Amino acid sequence: MAKELSRPNILLIMTDQHSKHLMGCYGNELVRTPNLDRLAQEGIRFANAYCPAPLCVPSRMSFLTSRTPSANQVWNNQHILSSGMPTWATLLTIAGYETSLIG
């Protein structure tokens with residue numbers, strides 16, 4: 001029996017209209033975000049982020065596929081990503097991870 005390789009758990013939290021300035025781990029001394037702060041301390045947090053579209057669905061689908069909204073043909077919040085379009089979640093599933101997209 002092959003020894004199973006240890007691999008990290010992955011938890012990605014993506015919020016809409018959430019400013020980093022409203023989290024303790026980015027220096028806010030008034031707002032209390034202990035759980036998000038702990039996740040940021042024990043994981044990875046980004047100093048800068050940019051999105052490819054002003055609307056959330058085209059932007060999120062670009063994030064999932066690493067393609068532009070025009071390549072995904074997801075132009076607005078009513079469009080649906082084709083189920084045949086590969087995503088990094090698909091690749092994680094192929095690699096043996098159990099993935100869930102919730103929201």
Side-chain angles (χ1 to χ4, degrees):
M1 180 183 291
K3 182 178 178 183
E4 186 174 326
L5 296 176
S6 176
R7 59 182 176 208
N9 290 322
I10 300 169
L11 172 64
L12 175 75
I13 299 173
M14 181 186 296
T15 62
D16 286 336
Q17 302 173 8
H18 185 128
S19 172
K20 72 177 187 179
H21 303 291
L22 299 177
M23 293 176 62
C25 63
Y26 284 100
N28 190 305
E29 296 178 7
L30 179 63
V31 177
R32 303 290 185 242
T33 55
N35 294 320
L36 292 174
D37 296 345
R38 192 182 91 245
L39 284 170
Q41 182 180 6
E42 295 175 8
I44 297 172
R45 67 184 172 109
F46 298 96
N48 296 301
Y50 303 91
C51 62
L55 299 173
C56 64
V57 172
S59 192
R60 286 174 183 257
M61 296 307 104
S62 290
F63 178 77
L64 281 172
T65 64
S66 299
R67 298 171 186 249
T68 63
S70 59
N72 287 334
Q73 297 185 5
V74 176
W75 309 103
N76 61 44
N77 288 345
Q78 286 70 44
H79 285 146
I80 298 172
L81 183 68
S82 167
S83 61
M85 186 72 68
T87 67
W88 55 261
T90 306
L91 296 175
L92 286 172
T93 300
I94 292 169
Y97 279 88
E98 293 183 37
T99 62
S100 297
L101 302 174
I102 302 168

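What you see is a predicted model, and the numbers here were worked out from it, not measured in a lab.
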Discussion item. For a side-chain contact (heavy atoms from CB on, under 4.5 Å) check, start with the C-alpha distance between Leu81 and Thr87, then their side-chain angles and the critical distance, and finish with the verdict.
Written reply: CA-CA 10 Å; Leu81 183 68; Thr87 67; 4.1 Å; yes
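Expressed to the nearest 0.5 Å, how far CG of Leu92 lies from CD of Glu98 amounts to 12.0 Å. Remark: Thr65 OG1 to Asn72 CG distance equals 3.5 Å, nearest 0.5 Å. Considering CZ of Arg7 and OH of Tyr97, their distance stands at 5.0 Å, rounded to 0.5 Å.
Cluster membership for Leu101 and Val57, using ILVMFWY side-chain heavy atoms within less than 4.5 angstrom, is shared. Placement of Leu64 and Met14 within a single hydrophobic cluster is found when ILVMFWY residues are connected by side-chain heavy-atom separations under 4.5 Å, directly or transitively. The hydrophobic cluster containing Met61 also contains Leu12, counting ILVMFWY residues as joined when their side-chain heavy atoms lie under 4.5 angstrom apart, directly or transitively.
When all heavy atoms of Asn76 and Leu55 are compared, the pair lying nearest together is CA-CD1, 3.9 Å. Shortest non-hydrogen contact noted between Arg45 and Ala40 is CD-CB, 3.7 Å. In terms of heavy atoms, Pro58 sits closest to Val74 at CB-O, 3.4 Å. When all heavy atoms of Thr33 and Leu22 are compared, the pair lying nearest together is CG2-O, 3.7 Å. Heavy atoms only, all atoms of each residue included: Met85 and Arg67 are closest at SD-NE, 3.5 Å. Scanning both residues, Asn28 and His21, for their nearest heavy atoms gives ND2-O, 2.8 Å.
For the pair Pro86/Leu91, no side-chain contact is recorded, criterion being any heavy-atom separation below 4.5 Å from C-beta on.
In this structure, the side chain of Asn35 does not engage the main chain of Arg38 through any donor-acceptor pair within 3.5 Å.
Using modelled atom types, one finds no donor on one side chain facing an acceptor on the other under 3.5 Å when comparing Ser62 with Ser59.
Scored by the ring pair (Phe, Tyr, Trp, His ring centres under 6.0 Å) test, Phe63 finds Trp88 as partners (sequence neighbours excluded).
Chaining together hydrophobic side chains whose heavy atoms lie under 4.5 Å apart places Ile13 alongside Leu11, Met23, Tyr26, Leu36, Leu39.
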